[in-house]
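One structure is given here, and the rest of the page talks about it.
Model, not experiment: these values are computed from the prediction. Sequence positions, counted from 1, serve as the residue numbers for this chain.
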Amino acid sequence: MFNSLQKEINQFIDRGLDRSLRIAVTGLSRSGKTAFITSLINQLLHIDRAENTHLPLFDAARNQRILGVKRIAQRNLSIPRFEYERNLAELSQNPPHFPQSTRGVSETRLAIRYQRQNGLMSYLKETGTLYLDIFDYPGEWLLDLPLLDLNFQQWSQELSQSFQGIRVELAQEWQQKVKALDLTAVANEDVLADIAQSYTDYLNACKAQGLHFIQPGRFVLPAELAGAPALQFFPLLNLTEEQWKQLKNNANSNSYFAILQKRYDYYRHKIVKNFYEDYFAHFDRQVILADCLTPLNHSRQAFEDMQEGLGQLFKNFHYGKRNLLHRLFAPRIDKLMFIASKADHITTDQLPNLISLMRQLVQDGGRHVEFEGIETEYSAIAAIRATTQVNVTQNGQQFKAIQGVRSSDLQKVTVFPGSVPSKLPQAEFWQQRQFDFDQFEPQPLEQGENIPHLRMDAVLQFLLGDKLA
Ligand SMILES: Nc1nc2c(ncn2[C@@H]2O[C@H](COP(=O)(O)OP(=O)(O)OP(=O)(O)O)[C@@H](O)[C@H]2O)c(=O)[nH]1
Ligand SMILES: [Mg+2]
């Protein structure tokens, strides 16, 4: 009798303690999203109550309160599965490889069984399960948010303003085709598809030049929409008000002009809006990754372009109540984490500078940015640590340096990568070129060992700590 009562109470409490958490991970192309999620899953799966040395900053693991972690079937069957096994297989090869580049959104689900910290009724040995859903989605998709507020004409006019310099050069083929088109004529699908392809080629060329203002974002990362008519339209640049008026008066519903407008509206109402509604509005916590080091290594132009792209992306998270995202979708994000990725390229004494640089990027050079009601954290990590840190002595002086297998020649090298600026770099920085680093290959993964990392435990503590208390 008592036993069954106790069992019932336990079950009741268990149910009460089951929680779910949806974490979204985003960032521009190559910022390290796939590496991050692969490592996060891997670190969790390697939590072992007896032997827990790989996550010292993650309280629940250090206190041995995590009883077990399992990958389980995801809930939404129409989203591609995050390819954890494949990524791990790549890292387990000899020699190991970084996971492949990905396109579009993916999802994965973990169940974490844990013991409560100091429940009032801790004698009941309360345990709970945290169901963790993790989403990987391209930051480029976030750049489409402004379209929701613009009709076809407004959008075209906005793009006309930034249509200058190198853009005009790259757009030649597309613009020639548009000029030859009678917009009031009856639309031919093949012609539309062809011109839209030229527009897409133009956007890809912009991207290859390091330009980040790319709309619609899906044109360069179409995922499952590749080839769909929903992506076969383009803006009409540099038309006068009078020309817009003429077109609206003279174009029939089956004309090129009318079809372009319809497709644009379909794109923003179905594709952009659905993305925000289906995913965004339901995320609990958001991680934004940024690779600040590669552009720093590259050139001033590359760095400033990244700054601009990130600026566009961050706009979504400036949660003033008047913000478009807030008005339309009322997202419920309560924690936001900005992470500078690939921090194994620098020595640990440079981490504070990297974090400070990231903070400056987010805050647009110091202007205060409000993320209303959201707990915000800045961090620097290596999801898949490719280097180790060593001390070297030169001319009687000790330096920290990093050691790893350099990608360019597969040689094991020891290098001093230099100092990271703690503020947005000024002209002198680019003249002096104080910073120089190589790309490294991942370290071999020992059988049964977790992926080597840097500060993933701090990330887990921020993202999950309160849910496992
Ligand atoms: N050294 C080091 N390199 C990393 C790390 N994470 C990512 N990289 C490098 O950055 C590249 C891109 O990482 P991904 O995780 O594929 O980035 P992504 O954001 O998923 O990229 P896309 O899917 O192409 O948008 C990798 O192939 C590695 O070369 C890290 O922790 N350390
Ligand atoms: Mg990826």
Lys177/Glu173 under salt bridge (Lys or Arg N to Asp or Glu O under 4.0 Å): CA gap, chis, key distance, verdict: CA-CA 6 Å; Lys177 288 182 181 172; Glu173 186 192 309; 3.2 Å; yes
Could you please spell out the steps behind the salt bridge (Lys or Arg N to Asp or Glu O under 4.0 Å) verdict for Arg285 and Asp334? CA-CA 6 Å; Arg285 292 181 177 176; Asp334 67 347; 3.0 Å; yes
Between Asp457 and Gln461, is a side-chain hydrogen bond (donor to acceptor under 3.5 Å, both in side chains) present by the stated rule, with each step listed? CA-CA 6 Å; Asp457 45 347; Gln461 178 62 23; over 6 Å; no
Step by step, would you call Ser20 with Leu130 a side chain to side chain contact (heavy atoms under 4.5 Å, CB included)? CA-CA 5 Å; Ser20 77; Leu130 176 65; 5.8 Å; no
Under the side-chain hydrogen bond (donor to acceptor under 3.5 Å, both in side chains) criterion, do Asn76 and Glu107 qualify, and how do the steps go? CA-CA 8 Å; Asn76 188 335; Glu107 177 184 358; 4.9 Å; no
Stepwise side chain to side chain contact (heavy atoms under 4.5 Å, CB included) test for Glu377 and Lys335: CA-CA 8 Å; Glu377 174 94 342; Lys335 285 192 175 196; over 6 Å; no
Can Arg109 and Asp133 be said to form a salt bridge (Lys or Arg N to Asp or Glu O under 4.0 Å), step by step? CA-CA 4 Å; Arg109 182 162 236 233; Asp133 295 300; 2.7 Å; yes
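Ring orientation note: the planes of Phe338 and Tyr378 are close to parallel, at an angle under 30° on the 30°/60° scale. Below 30°, between 30° and 60°, or above 60°: for Phe135 and Phe283 the angle between ring planes is between 30° and 60°, a tilted geometry. Ring pair Tyr264/Phe233 is perpendicular by interplanar angle, where above 60° counts as perpendicular and below 30° as parallel. The aromatic rings of Trp174 and Phe163 lie perpendicular to each other, with more than 60° between the two planes, well past the 30° mark.
A donor-acceptor contact shorter than 3.5 Å links the side chain of Arg19 to the backbone of Lys467. At least one donor-acceptor pair under 3.5 Å links the side chain of Thr200 to the backbone N or O of Ala196. No donor-acceptor pair closer than 3.5 Å links the side chain of Arg385 to the backbone N or O of Leu454.
Once rounded to the nearest 0.5 Å, the distance linking NE2 of His453 with CG of Asn450 reads 6.0 Å. Taking CH2 of Trp155 as the reference point, atom CG of Leu150 lies at 9.5 Å (rounded to 0.5 Å). Summarising the geometry, atom CG belonging to Leu221 is positioned 5.0 Å from atom OG belonging to Ser29; distances are rounded to the nearest 0.5 Å. We find the CD1-CG distance between Ile72 and Leu132 to be 9.5 Å, quoted to the nearest 0.5 Å. Note that the CG atom of Leu145 and the CZ atom of Arg268 stand 12.0 Å from one another [nearest 0.5 Å]. To the nearest 0.5 angstrom, Phe98 atom CZ is 7.5 Å from Leu91 atom CG.
In this structure the side chain of Leu203 reaches within 4.5 angstrom of the side chain of Ile214, judged on heavy atoms. Side-chain contact between Phe36 and Met456 is present, with at least one heavy-atom pair separated by less than 4.5 Å. The closest side-chain heavy-atom distance from Pro425 to Leu296 is below 4.5 Å. Arg263 is listed as a side-chain neighbour of Leu192, based on a closest heavy-atom distance under 4.5 Å. In this structure, Lys423 and Pro421 have side chains that are not in contact, with every pair of non-hydrogen atoms separated by 4.5 Å or more. Using a 4.5 Å cut-off on side-chain heavy atoms (C-beta onward), Leu361 and Cys292 make contact. Side-chain contact between Tyr256 and Val186 is absent, with no heavy-atom pair separated by less than 4.5 Å.
Shown here is Lys248, whose NZ atom has more than 12 heavy atoms of other residues, nucleotides or ligands within 6.0 Å.
Checking Thr102 against Thr34 by side-chain atom types alone, a donor-acceptor pair falls below 3.5 Å. A donor and an acceptor atom, one from each side chain of Arg113 and Thr127, are located under 3.5 Å apart. Donor-acceptor pairing under 3.5 Å is lacking for the side chains of Gln153 and Glu158. Asp265 and Gln261 form no side-chain donor-acceptor contact under 3.5 Å, judged by distance and modelled atom types alone. If you check the side chains of Arg71 and Thr108, you find a donor sitting under 3.5 Å from an acceptor. Side-chain N/O atoms of Thr240 and Gln243 include a donor and acceptor closer than 3.5 Å. Between Ser356 and Gln360, the side chains place no donor N or O within less than 3.5 Å of an acceptor N or O (distance only, hydrogens not considered). Under the 3.5 Å distance criterion, with hydrogens and angles disregarded, no donor-acceptor pair is assigned to the side chains of Ser106 and Glu83.
The minimum heavy-atom distance linking Ala469 with Tyr114 is given by the pair O-CE1, 4.0 Å. Between Phe462 and Thr376, the shortest heavy-atom distance links the atoms CZ-C, 4.4 Å. Here the closest heavy-atom approach between residue Ser341 and residue Leu293 is recorded as O-CD1, 4.2 Å. Asp144 and Gln215 make their closest contact through OD1-CG, 4.0 Å (heavy atoms, listed as atom of the first residue, atom of the second, distance). Annotation for Ile374 and Ile333: closest pair CG1-O, 3.5 Å, computed over non-hydrogen atoms.
Using a 4.0 Å cut-off between charged nitrogen and carboxylate oxygen, Asp291 and Lys342 count as a salt-bridge pair. Between Glu304 and Arg300, at least one side-chain N (NZ, or NE/NH1/NH2) sits under 4.0 Å from a carboxylate O, which counts as a salt bridge. With salt bridges taken as basic N to acidic carboxylate O contacts below 4.0 Å, none links Arg86 and Glu90.
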